[in-house]
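Reminder, nothing fancy here: chain letters follow the sequence lines and each chain counts from 1. No hydrogens, no waters, no symmetry mates; every other heavy atom, side chains included, goes into these values.
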6 protein chains.
Amino acid sequence: MTVAVVPGSFDPPTLGHVDVISRAVEVFDRVLIAVVANPSKTPLFSSAERIEMLTDICADWPNAEVDAFDGLLVEFARDRGAVVIVKGLRAVADFEYELQMAQMNQHLSGVQTVFLPTSPEHAYLSSSLVKEVARFGSSLEGLVPPVVATALKERFQ
Amino acid sequence: MTVAVVPGSFDPPTLGHVDVISRAVEVFDRVLIAVVANPSKTPLFSSAERIEMLTDICADWPNAEVDAFDGLLVEFARDRGAVVIVKGLRAVADFEYELQMAQMNQHLSGVQTVFLPTSPEHAYLSSSLVKEVARFGSSLEGLVPPVVATALKERFQ
Amino acid sequence: MTVAVVPGSFDPPTLGHVDVISRAVEVFDRVLIAVVANPSKTPLFSSAERIEMLTDICADWPNAEVDAFDGLLVEFARDRGAVVIVKGLRAVADFEYELQMAQMNQHLSGVQTVFLPTSPEHAYLSSSLVKEVARFGSSLEGLVPPVVATALKERFQ
Amino acid sequence: MTVAVVPGSFDPPTLGHVDVISRAVEVFDRVLIAVVANPSKTPLFSSAERIEMLTDICADWPNAEVDAFDGLLVEFARDRGAVVIVKGLRAVADFEYELQMAQMNQHLSGVQTVFLPTSPEHAYLSSSLVKEVARFGSSLEGLVPPVVATALKERFQ
Amino acid sequence: MTVAVVPGSFDPPTLGHVDVISRAVEVFDRVLIAVVANPSKTPLFSSAERIEMLTDICADWPNAEVDAFDGLLVEFARDRGAVVIVKGLRAVADFEYELQMAQMNQHLSGVQTVFLPTSPEHAYLSSSLVKEVARFGSSLEGLVPPVVATALKERFQ
Amino acid sequence: MTVAVVPGSFDPPTLGHVDVISRAVEVFDRVLIAVVANPSKTPLFSSAERIEMLTDICADWPNAEVDAFDGLLVEFARDRGAVVIVKGLRAVADFEYELQMAQMNQHLSGVQTVFLPTSPEHAYLSSSLVKEVARFGSSLEGLVPPVVATALKERFQ
C-alpha cells in the first residue's frame with residue numbers, strides 16, 4: 001500500500017489545492033494532507049481552522065486524511081509510513097524551488113517527491129492572491145471551495 | 001492496483017532513464033515501460049534492440065514490464081489499464097514541454113501525468129549527448145548501464 | 001488609428017490563435033492577420049487554404065483582415081501602416097524566443113511588439129500537437145474551430 | 001478610443017518605466033499611469049512625490065495622465081473606462097508572475113493585460129537596485145530621469 | 001595577474017560555496033572571498049565568525065584570501081584591483097537575478113562577472129535550507145564542511 | 001598561465017560573439033577561439049572562411065588565436081593545455097543547455113566551463129537571425145562586424 005503526503009500551508013486551501021488532492025487520491029492508496037502548523041509568515045487561519053476546512057473538503061474521499069505537523073516534513077512522512085511526497089506544480093518558478101526541496105528531502109531521508117501538474121484553469125491561483133481578492137471584497141467564485149469562501153468573508157468583514 | 005506507464009524513445013536508455021524507472025517501481029504497483037516504436041528521428045537502435053536492452057535493465061524489478069507502442073500514448077495507456085503516465089524531469093525546459101503534453105493528454109483521455117525529478121547527478125544525461133560521446137570513442141562510464149555501453153561500442157566500431 | 005499585425009504560420013489555426021485574435025480585435029482599431037506564406041517546414045495546408053480558414057474564423061470581426069506575406073515581417077508591417085506586432089504568449093519558452101524577435105524587429109524598423117497572454121485553458125495548444133492528434137484520429141473537440149476540424153479530418157482520411 | 005492603464009509602485013520611476021510608458025503612449029489612445037498608493041513595503045517616496053515625478057516625466061505626452069489608486073487594480077481600471085492593463089516585461093521571472101496576475105485580473109473583471117518588452121539596455125533596471133546605488137552615493141547616470149536623480153540625491157544626503 | 005572576487009553572505013558556507021571557490025582558485029591567479037558584512041536579513045553568524053569559518057575552509061589554497069565588505073561590491077572590487085566578480089550558478093532563477101546584477105555592476109564600474117556552474121550534486125544546497133536542517137537536528141553530512149557542521153550544532157543546541 | 005577556449009560555430013560571427021571574446025581576452029592569459037569545423041547543420045561559410053573572419057576580428061588582441069576542431073571539444077581543450085571553456089550567455093534557454101554541456105564536459109575530462117553574460121544590447125543577436133536579415137537584404141548595421149557584413153552581402157547577392 002502506497003502512502004503519499006500532500007504538504008502545504010493551505011492558508012486557505014484554494015481550488016488549485018483541491019485539484020491536486022483530487023488527483024493524488026486517484027493515484028495513491030492513502031493520501032495524508034499535511035498542514036504546516038506554524039508557517040514562516042503568520043497565517044490568516046489557525047492550524048485548527050485550516051484542518052477543519054480541509055477535512056470538510058476531503059469528506060468524500062475515503063482514502064484522504066488531514067493532519068498538522070511541525071519540524072521537518074521528511075520526519076513526519078517517515079513516522080507515518082509514507083514513501084512519497086506529492087507537490088502540485090503550476091509554473092516554472094514553482095518547479096525550480098520544488099526540485100531543490102525534493103533533492104534535499106531525498107538526500108535527508110530517501111523519501112521521494114512526485115509532482116502533479118495543476119489543471120490549466122487553476123494555474124493562476126495562490127493562497128496569497130485569493131486573500132487579497134477577499135480583502136477587497138471581490139467575488140471568490142471559481143477561486144476557492146464554498147466552505148473557504150464563507151470563512152474568508154467572515155474574516156474580512 | 002495502480003498501473004503506471006513510463007514512455008520514451010530510449011535510444012539508448014541512459015542511467016537517467018534507469019533512475020526514473022527505479023523510482024517508479026517503488027511508488028507504483030505495476031510499471032509498464034513503453035518504447036516509442038517509430039520516433040520522429042530515425043533511431044540508432046531498432047525497437048527490438050531497445051526493448052531487449054530495457055528488459056535486461058529491468059530484470060530485477062518483478063513489477064516492471066517492457067513493451068513498444070505506435071500511435072497516441074494515451075490510447076496505449078487506456079488499452080493497458082494504466083491511470084498514470086510517469087515522466088522524469090531534469091530541467092526547466094523539460095518541464096514546460098512536458099506540462100503542455102500532460103495537459104493535452106489529460107484533455108484527450110483523462111489519464112494523468114506525474115513527474116519524477118531525476119537525481120542531480122543524472123541531470124545532464126540525454127540519449128543524444130551519450131550517442132555523441134560514444135561516436136567519438138570517449139568513456140561511457142557513469143553515463144549508461146553496461147549492456148548499453150557494449151551495444152554503443154559495437155555500433156560505433 | 002492603431003493598426004496591429006498578428007503574424008503566424010497558422011498551420012492550422014487553433015483555438016489558441018482564435019483566442020489571441022479575439023483579444024487583439026478588442027484592443028486595436030484594425031487587426032491584420034499575417035500568414036507566413038512559406039514557413040521553414042513544409043506546411044500541411046497551402047497558404048490559400050490557411051487564409052480561407054482564417055477568413056471564415058474572423059467573419060464576425062469587422063476590424064480583422066487576413067493576408068499572406070513573404071520576407072521580413074517588419075517590412076510587411078511598415079508597408080501596411082502597422083505600428084505594432086501582436087504575439088500570443090503561452091509559456092516561458094515562448095517568451096524568450098519572442099523577446100529576442102521583438103528586440104530584433106525593433107532594431108530593424110522601430111515597429112513595436114506587444115504580447116497577449118493566452119487563456120489558461122488554451123496554454124497547451126499548438127498547431128503541431130493538433131496535427132498529431134488528428135493524424136491518429138482522436139477527437140479535435142476543444143482544440144480547433146469547426147472549420148479547421150473538418151479540414152483536418154479530410155486531410156488525414 | 002482605447003484607454004490603457006500602466007500600474008506600478010514607481011518608487012522611484014526608472015528609465016525602464018519611462019521606456020514602457022513611451023511605448024504605451026504610441027500604441028494606445030489614452031494612457032493612465034496608476035501609482036499604487038500604499039505598496040506592501042513602505043515606499044521611499046510618498047504617493048504625492050511619486051505622482052509629481054511621473055507628471056514631470058510625462059509632461060510632453062498629451063495622452064498620458066498620472067493618478068494614484070488603492071484596492072484592486074481591475075476596479076480602478078473599470079472605473080476609468082480602461083479596457084487594457086499594460087505591463088513591462090524584462091525577464092522570464094517577471095513573465096511568470098505577471099502572467100498569473102493577468103489571468104487573475106481577466107477572471108475577476110474581463111480586463112485584458114498586454115505586455116510590452118523593455119529595451120534590452122534597460123533590462124537590468126529596477127527601483128530597488130536604483131535605490132541601493134543611490135544609497136551608496138554612486139552615479140545615477142543612465143538609470144533614472146534627471147528629476148528622479150535629484151530627488152534620490154536629496155533623500156540620501 | 002587576474003584578481004577575482006567571490007562575494008556572498010556565507011551564512012554559513014555550504015559545500016556548494018566550497019565547490020565554487022575550489023573552481024575559482026584553479027582558474028584565477030588570486031581569489032578574494034568577500035563576505036557581505038551586514039546582509040539585509042540578520043545573519044545567524046557574525047561577520048567575524050563567517051570569516052573565520054571561510055579562512056579555515058580555504059587554508060589549503062594559497063591564492064585564496066578572505067575579507068568582509070560593506071557598501072557596493074564594485075567599489076570593493078576596484079579598491080582591491082579585481083577585474084572580475086565570480087558567482088556560482090545553481091538554477092535558472094539564480095541566473096536571471098545574477099544576470100541583472102552583472103549588467104548593473106558592469107554599467108556602474110566596468111567590472112565583469114563570470115558565472116561558474118556548481119556541481120550537480122550541490123545544486124540543491126543553500127545556506128537557508130542548511131540552517132533549517134540544523135535547526136531540526138537532522139544530519140548535516142554532505143551539506144557543509146566539518147567546521148560549519150560543528151558551529152551549526154553549537155548554535156542550535 | 002590560464003588558457004581558455006571559446007568554442008562556437010561562428011556561422012557567421014556576430015557582435016555578440018565579439019563581445020564575449022573581448023571579455024575573455026581581458027580575463028584570461030591566452031584565449032583560443034575554437035571553430036566547430038563541421039557543425040550539424042551545413043554552414044553558410046566554410047571553416048576556412050569563418051577562421052579568416054575571426055582572425056580579422058581578433059587582429060588587435062595579441063592573446064587571442066583562432067583554430068578549427070573536429071570531435072569532442074574537451075579533447076581539443078586538453079590537447080591545447082586549456083583548463084577552462086568560455087561560453088557566452090544571452091538568455092535562460094541558453095543557460096539550461098549550456099549547464100548540461102558544462103556538467104557533461106566536466107564529467108568527461110575535468111575541464112571547467114565559465115559563463116560570460118553578453119551585454120544587454122547584444123542579447124537578441126544570433127547567427128541564424130543575422131543570416132535571415134541578410135537574406136532579405138536588410139541593414140546589418142549594429143549586428144555584425146564590417147568584415148562579416150561584407151561577406152554576407154556577397155553571399156546573398
Side-chain angles (χ1 to χ4, degrees), chain C residues 1-6 16 18-32 63 74 77-78 81-124, chain D residues 1-6 16 18-32 63 74 77-78 81-124:
Chain C
M1 197 186 70
T2 305
V3 180
V5 171
V6 183
V18 177
D19 177 43
V20 169
I21 297 169
S22 75
R23 292 163 185 269
V25 294
E26 232 181 78
V27 173
F28 299 104
D29 297 316
R30 199 161 145 256
V31 172
L32 200 48
N63 61 333
V74 290
R78 272 189 305 203
V83 298
V84 70
I85 294 164
V86 173
K87 301 297 302 257
L89 278 187
R90 294 170 309 166
V92 166
D94 282 1
F95 168 64
E96 285 226 308
Y97 175 74
E98 294 297 346
L99 182 60
Q100 189 189 13
M101 289 302 301
Q103 292 175 339
M104 178 59 98
N105 284 332
Q106 171 111 30
H107 170 87
L108 290 175
S109 69
V111 175
Q112 288 194 45
T113 301
V114 308
F115 296 119
L116 298 183
T118 56
S119 292
E121 65 267 31
H122 298 128
Y124 59 90
Chain D
M1 197 186 72
T2 305
V3 181
V5 172
V6 183
V18 176
D19 177 43
V20 170
I21 296 169
S22 75
R23 293 163 184 269
V25 295
E26 229 180 82
V27 173
F28 298 104
D29 296 316
R30 201 162 143 255
V31 173
L32 200 49
N63 61 332
V74 289
R78 274 189 304 204
V83 299
V84 69
I85 294 165
V86 173
K87 303 295 303 258
L89 277 187
R90 296 171 306 167
V92 166
D94 281 3
F95 168 64
E96 286 227 307
Y97 175 73
E98 294 297 346
L99 182 60
Q100 188 189 16
M101 288 302 301
Q103 293 175 339
M104 178 59 100
N105 284 333
Q106 170 112 28
H107 170 88
L108 290 174
S109 70
V111 174
Q112 288 195 44
T113 300
V114 308
F115 297 118
L116 299 183
T118 56
S119 292
E121 64 267 32
H122 297 126
Y124 59 90

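Residue D:E121 holds its CD atom at 8.5 Å from CD of C:Q103, rounded to the nearest 0.5 Å. Note that CZ of C:F95 and CD of D:E98 are 10.5 Å apart. Values are rounded to the nearest 0.5 Å. How far CG of C:D29 is from CG of D:D29: 6.0 Å, rounded to the nearest 0.5 Å.
When each of D:V84, D:T118, D:V83, D:L89 is scored by its heavy-atom pairs under 4.5 Å with chain C, the top score falls to D:L89. Between chain D and the residues C:T113, C:V27, C:V114, the most heavy-atom pairs under 4.5 angstrom are made by C:V27.
For C:H107, the ring-ring contact (aromatic ring centres under 6.0 Å, His included) partners two or more places apart in sequence, or in a different chain, are F:Y124. In terms of the ring-ring contact (aromatic ring centres under 6.0 Å, His included) criterion, residue partners of C:F28 (sequence neighbours excluded) are, by chain and number, D:F28.
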